[in-house]
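Working notes for the structure below.
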Amino acid sequence: MHKLGLLFGLMLLFIGAMGQVKDTIPDSTKMVQLQDTLKAGDAQDTKRKETRAERRARKKAEKEREKYYYKDILKDSTRLEIERLSRVAWKRSLILPGWGQYTNGGIWWVKTPVIYGGFVASYLIFDYWNWYYNMFLDELKYREEFGQPSSGPLGFETNWSDQGLIAQKDYGRRNRDLTILVTVGWYGLNVVEAYVDSILKNRWNISNDLSFKISPTLMPNYAYTPGTGMFSGTSFVTPGVKMTFKIR
């Protein structure tokens with residue numbers, strides 16, 4: 001009996017002790033403030049912005065590298081010399097037409113007169129259309145100032161109306177301006193020809209050993225069936241001549 005009472009008393013004492021333990025679950029109504037350990041200015045950008053001078057120096061170094069490397073392959077001295085000759089040829093033609101053709105050699109003595117002959121023809125055509133334009137323009141100015149046709153070739157001798165004079169004036173101006181554009185194109189063609197000729201001479205071996213052979217042959221000829229819109233399966237042959245070129 002005493003043991004049962006003692007056991008019951010120990011159980012009550014244990015329950016009372018457990019009730020005195022503080023609840024460790026935080027109150028959800030309370031706001032927990034966490035201190036931010038990352039202050040302004042503590043984190044610095046480790047990647048520094050490239051300056052303008054550094055960018056120019058980097059691009060210059062990359063451009064210099066392109067002269068000696070092609071897709072990370074080092075160019076040999078022969079390739080560098082060929083590229084130098086090509087640059088020299090077109091730059092000289094850009095400075096003075098015909099100079100690049102002279103540098104390339106070959107039949108430069110034919111190309112150079114053709115180039116300058118084109119410039120002379122362009123000047124003569126430009127001079128004609130400029131005269132044509134000014135002739136109609138002067139007549140229009142005279143009629144606007146004096147109110148009557150002039151005594152020139154477009155005056156009393158012809159029956160030009162004002163609208164006709166304006167149309168011909170614009171026609172002459174368009175042809176004159178077109179001549180200028182053609183001349184600029186001819187100048188550019190001189191530069192392109194010098195560059196292409198330099199590449200063909202130095203980068204490829206173009207031999208003059210060209211031979212060809214002519215021989216008889218039979219060519220297949222498929223008959224057409226009228227009304228069906230189709231070719232028949234029967235094959236015919238037609239005699240012909242075959243020419244074979246051989247480039248060495």
Side-chain angles (χ1 to χ4, degrees), residues 47-134 170-214 242-248:
K47 186 177 180 181
R48 187 172 60 86
K49 187 177 181 180
E50 188 179 33
T51 62
R52 185 175 299 177
E54 292 174 346
R55 183 168 61 254
R56 286 199 299 264
R58 177 177 57 81
K59 291 183 177 180
K60 183 178 179 181
E62 292 176 354
K63 188 175 181 181
E64 188 69 19
R65 176 182 170 80
E66 291 178 356
K67 294 180 181 179
Y68 302 98
Y69 285 87
Y70 175 74
K71 294 182 179 181
D72 295 333
I73 300 176
L74 181 63
K75 301 176 183 178
D76 57 5
S77 59
T78 304
R79 178 61 181 267
L80 293 175
E81 180 63 19
I82 290 173
E83 293 181 354
R84 188 193 69 83
L85 291 175
S86 298
R87 289 195 301 270
V88 167
W90 74 262
K91 287 180 179 180
R92 287 184 175 180
S93 287
L94 187 63
I95 296 173
L96 180 65
W99 192 10
Q101 284 73 15
Y102 174 78
T103 303
N104 292 332
I107 55 173
W108 66 269
W109 48 273
V110 175
K111 298 178 181 178
T112 303
V114 171
I115 292 172
Y116 283 97
F119 286 124
V120 172
S122 298
Y123 171 76
L124 296 176
I125 296 173
F126 172 83
D127 185 66
Y128 169 77
W129 287 115
N130 190 49
W131 166 82
Y132 190 91
Y133 164 75
N134 288 320
D170 295 339
Y171 176 72
R173 176 177 54 81
R174 284 194 300 268
N175 289 336
R176 183 196 62 183
D177 297 344
L178 182 61
T179 305
I180 296 176
L181 295 177
V182 171
T183 305
V184 174
W186 183 256
Y187 186 89
L189 186 62
N190 144 73
V191 178
V192 172
E193 195 280 332
Y195 178 73
V196 172
D197 185 55
S198 175
I199 291 178
L200 294 177
K201 284 181 178 297
N202 299 310
R203 298 192 184 185
W204 288 279
N205 183 16
I206 302 178
S207 175
N208 293 326
D209 189 1
L210 176 65
S211 61
F212 68 94
K213 181 177 65 175
I214 300 177
K242 180 175 67 174
M243 181 178 295
T244 305
F245 289 91
K246 184 181 293 185
I247 302 176
R248 297 179 182 178

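The chain is numbered in sequence order, starting from 1.
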Task: Pairwise distance NZ(Lys111) to CG(Asn190) - rounded to 0.5 angstrom - done: 10.5 Å

TODO: Please tell me if the side chains of Lys59 and Arg56 come closer than 4.5 Å, counting only heavy atoms from C-beta onward.
DONE: no

Task: Check: Asn130 and Arg173 side chains under 4.5 Å, non-hydrogen atoms - done: no

Task: More than 12 heavy atoms of other groups within 6.0 Å of Tyr116 OH - done: yes

TODO: Return the minimal non-hydrogen interatomic distance between Glu50 and Arg55, and the atom names on each side.
DONE: OE2-CA, 3.6 Å

Open item on the list: Does any part of the side chain of Trp108, heavy atoms only, come nearer than 4.5 Å to the side chain of Asn104, both counted from C-beta?
Closed with: no

Open item on the list: Looking at Tyr132, I want to see if its OH is surrounded by more than 12 non-hydrogen atoms of other residues, nucleotides or ligands under 6.0 Å.
Closed with: yes

Open item on the list: Has Gln101 got a side-chain atom pairing as donor or acceptor with Val110's backbone, closer than 3.5 angstrom?
Closed with: no

Task: Minimum side-chain heavy-atom gap Ser198-Trp90 below 4.5 Å - done: no

Task: Test side-chain contact (heavy atoms from CB on, under 4.5 Å) applied to Ile125 and Asn175, Thr179, Thr183, the passing residue - done: Thr179

Task: From Lys49 atom NZ to Glu54 atom CD, the distance as rounded to the nearest 0.5 Å - done: 12.0 Å

- [ ] Look at the side chain of Ser93 and the backbone N and O of Gly100, then say whether any donor-acceptor pair between them is shorter than 3.5 Å.
- [x] yes

Open item on the list: Measuring only between side-chain heavy atoms, which start at C-beta, is Ile115 closer than 4.5 Å to Trp186?
Closed with: yes

Task: Flag if over 12 foreign heavy atoms under 6.0 Å of OH, Tyr187 - done: yes

Task: Centroid-centroid distance, Tyr171 to Trp129, less than 6.0 Å - done: yes

TODO: Using a strict cut-off of less than 4.0 Å between a Lys/Arg side-chain nitrogen and an Asp/Glu carboxylate oxygen, indicate whether Asp177 and Arg174 qualify as a salt bridge.
DONE: no

